[in-house]
Amino acid sequence: MSWFKRDSDSTKQPATDAAERTVRTEGLWLKCEGCREIIWKKDLELTLNVCGKCGHHFRVDARRRLEILFDAALIPSTSAIWFPPIR
């Protein structure tokens with residue numbers, strides 16, 4: 001008698017290949033280039049993209065930089081700006 005027994009249920013779907021599987025923790029952690037510490041992405045956003053251990057500044061895209069500098073109501077959306085057609 002075995003302790004662990006697998007049920008041979010034929011209604012179960014076969015295991016998917018590696019390309020279809022996704023990792024749930026993908027993109028949640030970043031490695032600091034200054035001190036090589038693993039940082040949770042939410043903590044990095046709270047510190048405005050600065051490592052808490054060594055003070056390394058991570059890159060910030062333009063939209064995020066504007067969100068940091070201004071209130072969300074002051075940032076115009078690009079769909080609200082009208083450009084005249086070029087002739």
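Reckoned from all heavy atoms, side chains included, excluding hydrogens, waters and symmetry mates.
- Other residues sharing a hydrophobic cluster with Leu30 under the 4.5 Å side-chain heavy-atom criterion for ILVMFWY residues are Ile39, Leu44, Phe58.
- Listed by chain and number, the residues in a side-chain contact (heavy atoms from CB on, under 4.5 Å) with Trp40 are Leu28, Trp29, Lys42, Asp43 (sequence neighbours excluded).
- For Arg64, the side-chain contact (heavy atoms from CB on, under 4.5 Å) partners at least two apart in sequence or on another chain are Leu48, Val60, Asp61, Glu67, Ile68.
- Expressed to the nearest 0.5 Å, how far NZ of Lys41 lies from CG of Leu46 amounts to 13.5 Å.
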For residues 31-38, please give each side-chain donor-acceptor pair under 3.5 Å, one per line with the distance, not counting sequence neighbours.
none

